[in-house]
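Scroll down for the structure; my scribbles are underneath it.
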Amino acid sequence: MTEVSSLTGRLLVATPALADPNFDRAVVLLLDHDKGGSLGVVLNRPTPVDVGDILEGWGDLAGEPGVVFQGGPVSLDSALGVAVIPGEEGPLGWRRVHGAIGLVDLEAPPELLAAALGSLRIFAGYSGWGPGQLEGELSDGAWYVVESEPGDVSATRPEGLWRAVLRRQRGELAMVATYPDDPSLN
């Protein structure tokens with residue numbers, strides 16, 4: 001088996017060829033990627049559910065829009081908190097994943113993290129891949145892999161994130177941002 005180079009902290013951007021409706025125009029932040037598999041959250045799938053309606057105390061800390069996001073098709077009854085914490089040291093209840101991005105312990109008292117949070121997003125469920133599964137999808141051309149930026153986690157217009165991430169890339173990849181929603185209408 002070949003060694004897996006970690007993609008933790010990078011973005012998976014769905015290519016127009018990806019046929020899975022769970023990931024149509026999805027932007028996935030990889031929170032973990034190693035030879036055991038991969039785990040991430042879809043950054044651009046807001047739900048109509050307010051964070052405060054399901055997680056008492058966290059609603060006031062969630063960035064705009066202050067709703068729960070569907071992190072993926074797996075374990076929709078569980079919640080993950082992803083926060084950007086500026087600076088070198090993070091508070092108790094936060095674990096660095098990549099750069100300024102980390103996971104929040106939603107069992108911790110919200111006031112423990114409130115002063116340190118740069119932004120917070122809550123996800124219902126996650127996206128997961130078994131060993132070698134993501135690598136297979138990458139070789140099939142289902143995803144573009146690009147660098148993440150801390151602002152991706154807290155985009156105030158998540159519905160435009162797919163195009164925005166592609167537009168900031170160099171070369172031909174930036175042109176994919178202009179791909180029509182329904183190419184049959186061209």
Side-chain angles (χ1 to χ4, degrees), residues 4-34 38-47 61-73 80-88 90 94-104 116-123 125-129 134-183 185-186:
V4 173
S5 177
S6 181
L7 299 176
T8 299
R10 299 189 71 192
L11 297 177
L12 298 177
V13 180
T15 68
L18 183 59
D20 185 338
N22 289 305
F23 297 108
D24 182 46
R25 297 204 176 208
V27 177
V28 177
L29 172 65
L30 282 175
L31 300 170
D32 190 30
H33 176 253
D34 58 27
S38 305
L39 180 140
V41 289
V42 178
L43 297 177
N44 58 335
R45 294 280 193 275
T47 72
L61 301 176
E64 288 298 320
V67 297
V68 175
F69 280 66
Q70 184 176 338
L80 280 171
V82 177
V84 174
I85 306 278
E88 296 297 316
W94 179 80
R95 180 179 60 86
R96 186 178 311 278
V97 171
H98 178 78
I101 300 167
L103 289 169
V104 172
L117 286 177
S119 66
L120 171 68
R121 185 103 339 131
I122 304 296
F123 298 90
Y126 64 91
S127 302
W129 294 264
L134 178 58
E135 289 73 19
E137 290 181 17
L138 290 172
S139 67
D140 289 344
W143 301 99
Y144 303 118
V145 178
V146 301
E147 294 297 325
S148 65
E149 294 181 2
D152 296 334
V153 172
S154 58
T156 56
R157 290 192 54 250
E159 66 281 354
L161 190 60
W162 185 83
R163 289 188 194 283
V165 168
L166 288 170
R167 262 191 215 108
R168 73 179 185 229
Q169 306 308 309
R170 297 186 188 275
E172 292 181 24
L173 199 50
M175 291 297 293
V176 177
T178 64
Y179 196 82
D181 292 336
D182 185 352
L185 297 177
N186 277 350

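Counting begins at 1 with the first residue of the sequence.
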Take Val146 and Leu173 through the test side chain to side chain contact (heavy atoms under 4.5 Å, CB included) and record every step on the way to the result.
CA-CA 10 Å; Val146 301; Leu173 199 50; 3.9 Å; yes
Closest heavy-atom contact between [X] and [Y]?
{"X": "His33", "Y": "Ser38", "answer": "CD2-OG, 2.6 Å"}
{"X": "Phe23", "Y": "Arg45", "answer": "C-NH2, 3.6 Å"}
{"X": "Asn44", "Y": "Ala26", "answer": "OD1-CA, 3.6 Å"}
{"X": "Ala62", "Y": "Gly66", "answer": "CB-CA, 4.4 Å"}
{"X": "Leu120", "Y": "Ala83", "answer": "CD1-CB, 4.1 Å"}
{"X": "Gly90", "Y": "Arg96", "answer": "N-NH2, 4.3 Å"}

Any side-chain to backbone donor/acceptor pair from [X] onto [Y]? Under 3.5 Å, distance only.
{"X": "Thr47", "Y": "Gln70", "value": "no"}
{"X": "Asp140", "Y": "Ala142", "value": "no"}
{"X": "Trp143", "Y": "Glu137", "value": "no"}
{"X": "Arg25", "Y": "Thr15", "value": "no"}

Decide if atom CZ of Arg168 counts as having more than 12 heavy atoms of other residues, nucleotides or ligands within a radius under 6.0 Å.
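Yes.
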Heavy-atom check, side chain of [X] versus side chain of [Y], under 4.5 Å:
{"X": "Arg10", "Y": "His98", "result": "no"}
{"X": "Tyr144", "Y": "Leu11", "result": "no"}
{"X": "Phe69", "Y": "Val41", "result": "no"}
{"X": "Trp129", "Y": "Leu30", "result": "yes"}
{"X": "Ile122", "Y": "Leu80", "result": "no"}
{"X": "Leu29", "Y": "Asp152", "result": "no"}
{"X": "Leu117", "Y": "Trp94", "result": "no"}
{"X": "Val176", "Y": "Glu172", "result": "no"}

What's the spacing between [X] [atom1] and [Y] [atom2] if we round to 0.5 Å?
{"X": "Leu7", "Y": "Ser148", "atom1": "CG", "atom2": "OG", "value": "11.0 Å"}
{"X": "Ser119", "Y": "Ile85", "atom1": "OG", "atom2": "CD1", "value": "8.0 Å"}
{"X": "Thr8", "Y": "Asp34", "atom1": "OG1", "atom2": "CG", "value": "7.0 Å"}
{"X": "Glu147", "Y": "Gln169", "atom1": "CD", "atom2": "CD", "value": "8.5 Å"}
{"X": "Arg95", "Y": "Leu103", "atom1": "CZ", "atom2": "CG", "value": "5.0 Å"}

Here's a test for you: under side chain to side chain contact (heavy atoms under 4.5 Å, CB included), which of Leu18, Val27, Leu138 qualifies with Leu12?
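So, applying the side chain to side chain contact (heavy atoms under 4.5 Å, CB included) to Leu12 and each of Leu18, Val27, Leu138, only Leu138 qualifies.
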